[in-house]
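Each chain gets a letter, A, B and so on, in the order its sequence line appears, and its residues count up from 1. Hydrogens, waters and symmetry mates are skipped; everything else that's a heavy atom, side chains included, is used.
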2 protein chains.
Amino acid sequence: MKRESSPNYLNGVPELLVLRLLKEREMYGYELVQAIRDATGEAIVLGEGVIYPMLHLLEREGALQSRRQTVAGRSRIYYTLTPAGEKRLTQAATAWTRIHDAVTSVLGVSARG
Amino acid sequence: MKRESSPNYLNGVPELLVLRLLKEREMYGYELVQAIRDATGEAIVLGEGVIYPMLHLLEREGALQSRRQTVAGRSRIYYTLTPAGEKRLTQAATAWTRIHDAVTSVLGVSARG
DNA sequence: TGCTATACCTATCGCAAAGAGGTATATACC
DNA sequence: GGTATATACCTCTTTGCGATAGGTATAGCA
């Protein structure tokens with residue numbers, strides 16, 4: 001059975017974060033790992049084994065565009081959002097909000113724990 | 001590699017919902033499926049193939065307790081939270097809040113659109 | 001008679017995320 | 001000079017949740 005859309009509402013948080021950060025400014029993989037760790041106060045720590053494959057996938061699917069640059073003897077690959085990537089971000093953010101609202105409403109049902 | 005705790009912060013939403021609903025009152029599996037669909041306005045629709053195995057797992061792990069009752073010729077298995085289950089709910093809710101806050105803060109970084 | 005709703009169940013699949021590696025250069029420390 | 005740490009890239013494999021797709025059985029209605 002082939003899946004057309006519906007990106008599995010319950011996960012996809014790493015992708016959402018990456019897309020959102022790249023909307024602000026271009027970044028490279030190693031930088032994203034630290035940015036996510038720092039921005040979330042270590043609530044979310046994603047390994048390079050999560051980030052790099054995701055960047056490659058997103059680029060293959062046309063959501064990202066990359067350029068290679070050497071800085072201080074180090075080769076970095078900077079990624080930016082394409083228009084398709086912005087659209088994908090919008091959809092991911094919407095899906096996240098929907099789930100968040102749903103969960104929050106259930107959690108708040110007439111009780112405080 | 002054996003996992004001790006850390007329930008994979010990014011998912012676990014179905015478990016969180018089930019625990020939360022069972023804290024309110026005892027329910028049976030089929031009822032939970034509909035309760036989740038209704039309470040979330042169909043934002044989250046979990047199949048029976050998700051709910052039943054989860055109930056069995058949670059019971060096996062001591063988070064739930066069940067009793068069997070026949071109503072109108074139909075055999076239902078009602079589940080309630082044990083003290084361990086309440087603790088598990090608290091932890092799941094805390095984890096969810098942490099992730100939610102982290103994601104929200106990243107999403108809100110100086111941009112609208 | 002047959003369809004729908006209720007109520008339980010398990011077995012398999014897909015895929016995102018986690019983990020564990022591996023390469024290479026720059027820099028700081030002994 | 002040697003060694004450890006930080007930077008920066010990479011991929012392979014495992015895991016486990018969630019999704020799908022079945023299956024059983026009874027009650028009730030048309």
Separation of [N] [atom2] from [X] [atom1] (nearest whole Å):
{"X": "Met27(B)", "N": "dC8(C)", "atom1": "CE", "atom2": "P", "answer": "11 Å"}
{"X": "Leu46(A)", "N": "dG19(C)", "atom1": "CG", "atom2": "P", "answer": "11 Å"}
{"X": "Gln69(A)", "N": "dA8(D)", "atom1": "CD", "atom2": "C1'", "answer": "14 Å"}
{"X": "Arg68(A)", "N": "dC9(D)", "atom1": "CZ", "atom2": "P", "answer": "9 Å"}
{"X": "Ile51(B)", "N": "dC17(D)", "atom1": "CD1", "atom2": "P", "answer": "14 Å"}
{"X": "Leu16(B)", "N": "dC17(D)", "atom1": "CG", "atom2": "P", "answer": "14 Å"}
{"X": "Glu26(B)", "N": "dA7(C)", "atom1": "CD", "atom2": "P", "answer": "14 Å"}

Mind running a 4.0 Å heavy-atom check of [range] against DNA chain D and sending the residues that fall below it, in number order?
{"range": "residues 70-82 of chain B", "result": "Ala72(B), Gly73(B), Arg74(B)"}
{"range": "residues 53-65 of chain A", "result": "Pro53(A), His56(A)"}
{"range": "residues 28-38 of chain B", "result": "none"}

For this session: Using side chain to side chain donor-acceptor pair (under 3.5 Å) as the criterion, point out the one residue from Gln65(A), Gln69(A), Arg67(A) that pairs with Glu26(A).
Result: Arg67(A)

Show the nearest heavy-atom pair for residues [X] and [Y], with the distance to one decimal.
{"X": "Pro14(A)", "Y": "Val50(A)", "value": "CB-CG1, 4.4 Å"}
{"X": "Val33(A)", "Y": "Glu48(A)", "value": "CG2-CG, 4.1 Å"}
{"X": "Ala39(A)", "Y": "Val106(B)", "value": "CB-CG2, 4.0 Å"}
{"X": "Gly62(B)", "Y": "Ala84(B)", "value": "O-CB, 3.5 Å"}

Exercise. Ring pair (Phe, Tyr, Trp, His ring centres under 6.0 Å): which pairs involve residues 39-74 of chain A, sequence neighbours left out?
Worked result: none

For this session: For Thr82(B) and Gly85(B), indicate whether the former's side chain and the latter's backbone hold a donor-acceptor pair under 3.5 Å.
Result: yes

Exercise. Taking N and O atoms by type only, does the side chain of Glu48(B) place a donor or acceptor under 3.5 Å from a partner on the base of dC8(C)?
Worked result: yes

Exercise. Does any pair with a residue in residues 28-46 of chain A pass side-chain hydrogen bond (donor to acceptor under 3.5 Å, both in side chains), and if so which ones, sequence neighbours excluded?
Worked result: Arg25(A)-Glu31(A), Tyr28(A)-Arg76(A)

Exercise. Within the pair Tyr52(B) and dC9(C), is there a side-chain N or O less than 4.0 Å away from OP1 or OP2?
Worked result: no

Problem set entry | side chain to side chain contact (heavy atoms under 4.5 Å, CB included) between Trp96(A) and His100(B), worked out | CA-CA 10 Å; Trp96(A) 163 260; His100(B) 158 251; 4.2 Å; yes

Seminar exercise, completed: So salt bridge (charged side-chain N to carboxylate O under 4.0 Å, His left out) across residues 53-64 of chain A, not counting sequence neighbours, yields Glu61(A)-Arg88(A)

For this session: Indicate yes or no: at least one non-hydrogen side-chain atom of Leu81(B) is less than 4.5 angstrom from one of Leu19(B).
Result: yes

